[in-house]
Amino acid sequence: MTASAAVLAPPDVFTDEDCPGISPHPAVPSPGRTALRWIGQGVAPGRVVAYTCSCRMTAYELVACGGVYQIRRRTLPRRGVPPVSWTADRWRRGEALEWWRRLLAGHAR
C-alpha cells in the first residue's frame, strides 16, 4: 500500500528502541480533521489488510470481512476509552482505502 509508505519516518527519527519502524505511524491529527464515529463492535471477525505500528498508545487496523471494510482502533487501557472500537461506517475497498489514507495523514481520527 503506497499511501501508508509515505507516512513512514526515517529510522533515525524514532527515539524508542523498541519501535521496529516497519509499520506506518499516523500523522498528528490536523485541526480540521473529520471525526470518525467509533462503536463497540465490528461487522464480524475479519482479515487485517493494513495496520499502524503498535508502539504508540493507539494503533489502527484496516479490516476486511466479506468485501466490507472497517477500521479497528486498539488503545492501551485508560479511563473513558474502550480498548477496542470499530468505525461505525462500513465501506467498499476503494472508499476504505481512501479513509485509511486520511487517517494516516491526520485528516481523520
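Predicted, not measured: the structure shown is a model, and the values here were computed from it.
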Q.
Looking at Arg78, I want to see if its CZ is surrounded by more than 12 non-hydrogen atoms of other residues, nucleotides or ligands under 6.0 Å.
A. yes
Q. What's the shortest heavy-atom distance between Ser85 and Pro82, and which atoms?
A. CB-CG, 4.3 Å
Q. Is Val63 reachable from Ile71 through a run of hydrophobic residues whose side-chain heavy atoms are each under 4.5 Å from the next?
A. no
Q) Does the side chain of Leu62 reach to within under 4.5 Å of the side chain of Val48, using non-hydrogen atoms? A) no
Q | Residues Arg92, Glu95: salt bridge by 4.0 Å N-O rule | A | no
Q: Looking only at non-hydrogen atoms, find the nearest pair between Pro29 and Arg109 and report the distance.
A: CG-NH1, 3.3 Å
Q: Side-chain contact test, heavy atoms from C-beta onward, threshold under 4.5 Å: evaluate it for Cys19 versus Cys53 and give yes or no.
A: yes
Q: Taking the six-membered ring of Trp86 (Phe, Tyr or Trp), confirm whether the NZ or CZ of Arg73 is under 6.0 Å from its centre and within 45° of its axis.
A: no
Q) Once you round to the nearest 0.5 Å, how far does CZ of Arg72 lie from CH2 of Trp38? A) 11.0 Å
Q. Between Cys65 and Ala44, which heavy-atom pair has the shortest distance, and what is it?
A. SG-CB, 3.7 Å
Q: Kindly compute the distance separating CZ (Arg102) from CG (Leu97), expressed to the nearest 0.5 Å.
A: 12.0 Å
Q: With rounding to the nearest 0.5 Å, note down the distance linking OG in Ser54 to NE2 in His25.
A: 8.5 Å
Q: Show your working on side chain to side chain contact (heavy atoms under 4.5 Å, CB included) between Tyr60 and Trp100 and close with a plain yes or no.
A: CA-CA 9 Å; Tyr60 299 92; Trp100 182 252; 3.8 Å; yes
Q. Is there a side-chain contact between Thr58 and Arg74, using heavy atoms and a 4.5 Å cut-off?
A. no
Q: Find out whether Arg37 and Thr87 are in side-chain contact, i.e. whether some heavy atom of one side chain is under 4.5 Å from a heavy atom of the other.
A: no
Q: Flag the pair Tyr69 / Arg90 as yes when at least one side-chain heavy-atom distance between them is below 4.5 Å, and no otherwise.
A: no
Q. So which heavy atom on Ser23 is nearest to which on Tyr51, and how close?
A. OG-CE1, 2.9 Å
Q | Note, Thr75 side chain near Val84 side chain (heavy atom, < 4.5 Å) | A | no
Q.
Can you tell me how far apart CZ (Arg33) and NE2 (His107) are? Round to the nearest 0.5 Å.
A. 11.5 Å
Q | Within one Ile-Leu-Val-Met-Phe-Trp-Tyr cluster: Val68 and Trp99, side-chain cutoff 4.5 Å | A | no
Q | N/O donor-acceptor pair under 3.5 Å between Thr52 side chain and Ala59 backbone | A | no
Q | Reported CD-to-CG distance for the pair Gln70 and Asp89, which is rounded to 0.5 angstrom | A | 8.5 Å
